[in-house]
Amino acid sequence: MQKQMDVVIRSLRDTLQKYGIGDIFELKNRALRIVPELIQCDLYRFLDGDPQTIMAYWGEYMTQYAWASAKEAELLKIKKQISAEK
């Protein structure tokens, strides 16, 4: 299993390098992660309080996953609070 994981990691790393974004992938002490500060993400902008992103949110968040419904409710609550303040 470890050998298969090593192949997947190597392939991911090669693909990211090919597109010039290899720095978003980090392997440290045998732990993998994406460096979130290096990617553009509407959820991160929303949570950082970007008003344009918040107002653009229509209430759907990863609807194909049942586990995401709690986050969806949280995002709607934030949007309602921000909208009420205006």
Side-chain angles (χ1 to χ4, degrees):
M1 186 66 147
Q2 183 62 46
K3 185 174 181 174
Q4 185 178 8
M5 188 65 167
D6 291 342
V7 170
V8 170
I9 292 168
R10 192 174 318 109
S11 176
L12 176 60
R13 185 176 270 165
D14 291 347
T15 300
L16 293 172
Q17 282 300 120
K18 177 181 172 183
Y19 289 97
I21 55 172
D23 56 342
I24 69 166
F25 179 73
E26 184 175 78
L27 178 60
K28 258 179 147 171
N29 301 326
R30 298 184 54 86
L32 301 169
R33 82 176 195 121
I34 296 294
V35 182
E37 300 83 15
L38 299 179
I39 61 173
Q40 295 263 342
C41 175
D42 57 349
L43 177 61
Y44 294 156
R45 288 192 307 271
F46 185 103
L47 296 174
D48 283 342
D50 177 57
Q52 186 175 1
T53 303
I54 292 170
M55 298 318 292
Y57 178 63
W58 287 93
E60 291 186 9
Y61 176 76
M62 301 181 82
T63 56
Q64 67 273 35
Y65 301 105
W67 55 261
S69 61
K71 178 59 88 176
E72 186 175 281
E74 177 187 336
L75 297 174
L76 281 171
K77 183 178 176 184
I78 291 169
K79 182 174 182 173
K80 286 179 184 176
Q81 288 174 340
I82 298 294
S83 296
E85 293 173 4
K86 290 188 175 206

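- Hydrophobic clustering, with ILVMFWY side chains joined whenever heavy atoms are under 4.5 angstrom apart, groups Tyr44 together with Ile21.
- The hydrophobic cluster containing Met62 also contains Ile54, counting ILVMFWY residues as joined when their side-chain heavy atoms lie under 4.5 angstrom apart, directly or transitively.
- The hydrophobic cluster containing Leu47 does not contain Trp58, counting ILVMFWY residues as joined when their side-chain heavy atoms lie under 4.5 angstrom apart, directly or transitively.
- Remark: Gln52 CD is loosely packed, at most 12 non-hydrogen atoms of other residues, nucleotides or ligands lying under 6.0 Å away.
- Remark: of the listed residues Ile9, Val35, Leu38, Thr15, Ile9 is the sole one forming a side chain to side chain contact (heavy atoms under 4.5 Å, CB included) with Phe25.
- Cluster membership for Leu27 and Ile24, using ILVMFWY side-chain heavy atoms within less than 4.5 angstrom, is shared.
- Listed for the Ser11 side chain is no donor-acceptor partner under 3.5 Å among the backbone atoms of Val7.
- In the hydrophobic clustering of this structure, Leu12 groups with Tyr19; members are Ile, Leu, Val, Met, Phe, Trp, Tyr whose side-chain heavy atoms approach within less than 4.5 Å, directly or through other members.
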Can you give me every donor-acceptor pair (side chain of residues 64-79, partner residue at least two apart or in another chain, under 3.5 Å) with its distance?
unit_1, atom_1, unit_2, atom_2, d
Ser69, OG, Ala66, O, 3.0
Glu72, OE1, Tyr61, N, 3.0
Lys79, NZ, Met55, O, 3.1
Lys79, NZ, Tyr57, O, 2.4

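- Pairs of residues two or more places apart, or lying in two chains, never qualify as salt bridge (Lys or Arg N to Asp or Glu O under 4.0 Å) while including a residue from residues 1-11.
- For the salt bridge (Lys or Arg N to Asp or Glu O under 4.0 Å) condition, no pair includes a residue of residues 38-63, sequence neighbours left out.
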